[in-house]
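The structure appears right after this line, and notes come after that.
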Amino acid sequence: MDNQLQIYNTLSRKKEIFVPLHEGKVGLYVCGPTVYGKAHLGHARPAVTYDLLFRYLKHLGYKVRYVRNITDVGHLANDADEGEDKIAQKARLDELEPMEVVQLYTNDYHKNMEKLNVLSPSIEPRATGHIIEQITVVEKILAAGYAYESQGSVYFDVEKYAKDYPYGELSGRKIEDMQSNTRELDGQDEKHSPLDFAIWKKAAPEHIMRWPSRWSDGFPGWHLECTAMSCKYLGETFDIHGGGMDLCFPHHEAEIAQAKAANGHDAVRYWMHNNMITLNGQKMGKSLGNAISLDEFFSGEHALLEKAYDPMTIRFFMLTAHYRSTLDFSNEALQAAEKGMERLLKASETMNGLSPADKSSVNIGELKEKCYAAMNDDLNSPIAIAHLFDAVKIINSIADGKESISAEDLDALKSLYNTFVFDLFGLKKPEQAEGSNEAFNAAIDLLLQLRQDAKANKDWATADKIRNELTALGFVVKDTKDGASWELK
RNA sequence: GGUCGGUUGGCCGAGUGGCUAGGCAACGGUCUGCAAAACCGUGUACGGCGGUUCGAAUCCGCCACUGACCUCCA
């Protein structure tokens, strides 16, 4: 196939043909969550984006090692006045052990990712489990001369580094601009320059999470874990590093600098960044009160939500936008996605019931080509989905007898449809409503049977009464040629 | 203030210099005792003003609006 996977590389700002470092194998590292709160919608975007990439790379035949970290050392709380660790702060508020908080929210994250049908990564390393590796990186950077110790902390010397290597190449920042934009501030004495960032930080007395080192009892800098863990599991050079656009600067820029300072060369070959999510056109953020947790989406228990949304609706909706575009969540858009996905899934059942004809009046080969071309074009899932809706029309037309399909084409269609809808996009039929015990089902079926009898007797009053009462109770009664079916909304 | 991005029909959301994105909604039809559901069909949109071009939503400039990150913070 001359149609090759192209990936948009943030570093070059271009789409590039993806060629792995080692033939047939791909090393993929993605920045995972900081586990100090419940998993929310913002966590789902990168998870689904790189899950799609992971699935597609495997589908293409690559052996993929996918590393996605858990950040459990914690970053500084955005709105905290003190330089206190997010996780330590939360721990004090909740009167829990830091690792207890970490475990609680890690479990929450895992549970929600499973609901979203996000595959587990190959390795999910924790920052707290790699303190020694991080200290080793600090030593290497110090030995290379790109860091200095100051009052028990170790800082990365950005200006020194920038003399030897380009700094800011990923985010398009120029060091001169950053310097001229820097104000004089108090409390910067420890750093030689405001641009410098900590790679080891001495712990304040109230700071609970701390480890001994030759500089101080402290903790590693927040950019360091990814450098240390990607190197440990994927090597000094690896293929793809992904994460949210919000991490581009300073996090990823710092990662590049740390790896280059420590090893003398670049670590990452392709940088990928997924865009952010907005809610009713507004940025999603905790301070704005619109950071809806995934649990709330799934249960519908949030003031902004009109109803509960199935995890698959969230997943599908994310896939209907390209990963590098912002995506706006609203009840209207979600409900539109919900209906569209139902149609897509229903067509797969219709497809399984199709009978082949001698000849095809439809072109499955072309459809397949278009679907793969879309995926190869920087994972353009919205385009691929558009083509799948063309497949829906084809399927329904065949079922209607307006088109015909050969046995060979039908197999190809099934294979294509199943590959994209289930294997790559990772969609599943929504879970059946709970309380679906057998007696309950039988009772509803009985009511519908009574209605069927009434209809046979042209007793429309009784038939309509049953239907209307069931509707009032929240059931949806659907009459089809093969009889009535129902579901609970 | 700096850097980068966005502005597409009622809503969401793709996109290439000229050739239908797609979904939802809406409307029309098929089906139905009626309805719902399901299925089929229909829509000619691209922030404003200039410019380049035979031709621009797609390229360039300016303006407006908007987003992200940074400018305080490990």
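Below, read A as the first sequence line, B as the second, and so on, with proteins coming before strands; counting in each chain starts at 1.
Atom NZ in A/K370 sits about 14 Å away from atom C1' in B/rA14, given to the nearest Å. Rounded to whole angstrom, the span from the CG atom of A/D328 across to the P atom of B/rU66 amounts to 15 Å. Taking atom CE on A/M276 and atom C1' on B/rA68, their separation rounds to 8 Å, with Å as the unit. The distance from atom CD1 of A/I314 to atom C1' of B/rC12 is 14 Å, rounded to the nearest whole Å. Following rounding to the nearest Å, A/Q452 (CD) and B/rG33 (P) show an atom-to-atom distance of 11 Å. Rounded to whole angstrom, the span from the CG atom of A/L319 across to the C1' atom of B/rA14 amounts to 14 Å. As rounded to whole Å, 14 Å separates atom C1' of B/rC12 from atom CD of A/E338. Atom CZ of A/F389 is separated from atom P of B/rC40 by 11 Å (rounded to the nearest Å).
Between B/rA14, B/rC39, B/rC34, one nucleotide has an atom nearer to the side chain of A/N396 than all others, and that is B/rC39. Comparing B/rA74, B/rC69, B/rG33 against the side chain of A/F249 picks out B/rC69 as the nearest. Among the nucleotides B/rC39, B/rC24, B/rG33, the one closest to the side chain of A/D400 is B/rC39. Picking from B/rA14, B/rG33, B/rC4 the nucleotide with the shortest atom distance to the side chain of A/K455 gives B/rG33. If you check B/rC70, B/rG23, B/rA74 against the side chain of A/A336, the one that comes closest is B/rG23. Nearest to the side chain of A/A321, among B/rC12, B/rA35, B/rA14, sits B/rA14.
Comparing the C1' positions of B/rA56 and B/rU66 gives an interatomic distance of 24 Å, to the nearest angstrom. Rounded to whole Å, the separation between the P atoms of B/rC69 and B/rU52 comes to 40 Å. Taking atom P in both B/rG55 and B/rU3, the straight-line distance is 34 Å, to the nearest Å. The C1' atoms of B/rG10 and B/rU44 are separated by 15 Å, rounded to the nearest whole Å. Between B/rC60 and B/rC39, the distance separating the two C1' atoms is 48 Å to the nearest Å. If you take atom C1' in B/rC4 and the same atom in B/rU20, they sit 33 Å apart, rounded to whole Å. B/rG41 and B/rU8: their P atoms are spaced 28 Å apart (whole Å). Going from the C1' atom of B/rA74 to that of B/rG6 covers 31 Å, rounded to whole Å.
Within 4.0 Å of A/H387, counting heavy atoms only, lies no atom of the nucleic acid at all. Among the atoms of the strands shown, only primed sugar atoms or phosphate atoms (P, OP1, OP2) are found under 4.0 Å from some heavy atom of A/S325. Within 4.0 Å (heavy atoms only), A/K458 reaches no atom of the nucleic acid at all. Contact annotation for A/F197: no contact, since no heavy-atom pair falls under 4.0 Å across all strands. In this structure, A/L247 reaches neither bases nor backbone, as no heavy-atom distance under 4.0 Å exists between it and the strands shown. Note on A/F317: only backbone sugar-phosphate atoms sit closer than 4.0 angstrom, heavy atoms only; bases stay farther off.
The aromatic rings of A/H273 and A/W271 lie parallel to each other, their planes meeting at an angle below 30°, with 60° marking the opposite boundary.
Remark: the A/E190 side chain and the A/Y155 side chain contain an N/O donor-acceptor pair separated by less than 3.5 Å. Inspection of the A/W215 and A/S153 side chains reveals no N or O donor paired with an N or O acceptor under 3.5 Å.
Non-hydrogen atoms lying under 4.0 Å from RNA chain B are contributed by nothing in residues 41-51 of chain A.
Under the Watson-Crick or G-U wobble criterion, with both distances below 3.5 Å, B/rU3 is paired with B/rA68. Pairing for B/rC31 is absent, judged as Watson-Crick or G-U wobble with the two contacts each under 3.5 Å. As the counterpart of B/rC62, B/rG48 is assigned, both hydrogen-bonding distances of the Watson-Crick or G-U wobble pattern falling under 3.5 Å. B/rA14: no Watson-Crick or G-U partner with both key distances under 3.5 Å is found in any strand.
Residue A/R324 is the one, among A/A198 and A/R324, whose nearest nucleotide of RNA chain B lies closer to the 5' end (criterion: closest heavy atom). For the pair A/F329 and A/A386, nearest-nucleotide mapping onto RNA chain B gives the more 5' position to A/F329.
Checking side-chain atoms of A/N418 against main-chain N and O of A/K414 turns up a donor-acceptor pair under 3.5 Å. With hydrogens and angles ignored, the 3.5 Å screen pairs no side-chain donor or acceptor of A/E253 with any backbone N or O of A/Y167.
When side chains are defined from C-beta on, A/I405 counts as touching A/I364, because their heavy atoms get closer than 4.5 Å.
Judged by atom type and distance alone, A/R343 does not reach the base of B/rA38 through any side-chain donor-acceptor pair under 3.5 Å. Between the side chain of A/D479 and the base of B/rA35 there is at least one donor-acceptor pair of N/O atoms closer than 3.5 Å. Evaluation of atom-type donor-acceptor distances gives a pair under 3.5 Å for the side chain of A/D464 against the base of B/rG33. Remark: the A/R173 side chain and the B/rC69 base include a donor-acceptor N/O pair separated by less than 3.5 Å.
Remark: A/K346 is not in phosphate contact with B/rC39, judged by side-chain N or O atoms under 4.0 Å from OP1 or OP2. Residue A/N380 has a polar side-chain atom (N or O) positioned under 4.0 Å from OP1 or OP2 of B/rG15. Residue A/K393 places no side-chain N or O under 4.0 Å from the OP1 or OP2 atom of B/rC40.
In this structure, CG on A/L11 lies 9.5 Å from SG on A/C248, to the nearest 0.5 angstrom. With rounding to the nearest 0.5 angstrom, the CG atom of A/L427 is 7.5 Å from the CZ atom of A/F422. Here CD of A/E306 is found 9.5 Å from CG of A/L334. Values are rounded to the nearest 0.5 Å.
Cation-pi geometry between A/R343 and A/F389 is not met at under 6.0 angstrom from the ring centre and within 45 degrees of the axis.
Results of the side chain to side chain donor-acceptor pair (under 3.5 Å) test with A/R315 over A/N117, A/D51, A/D310 single out A/D51 as the only residue that passes.
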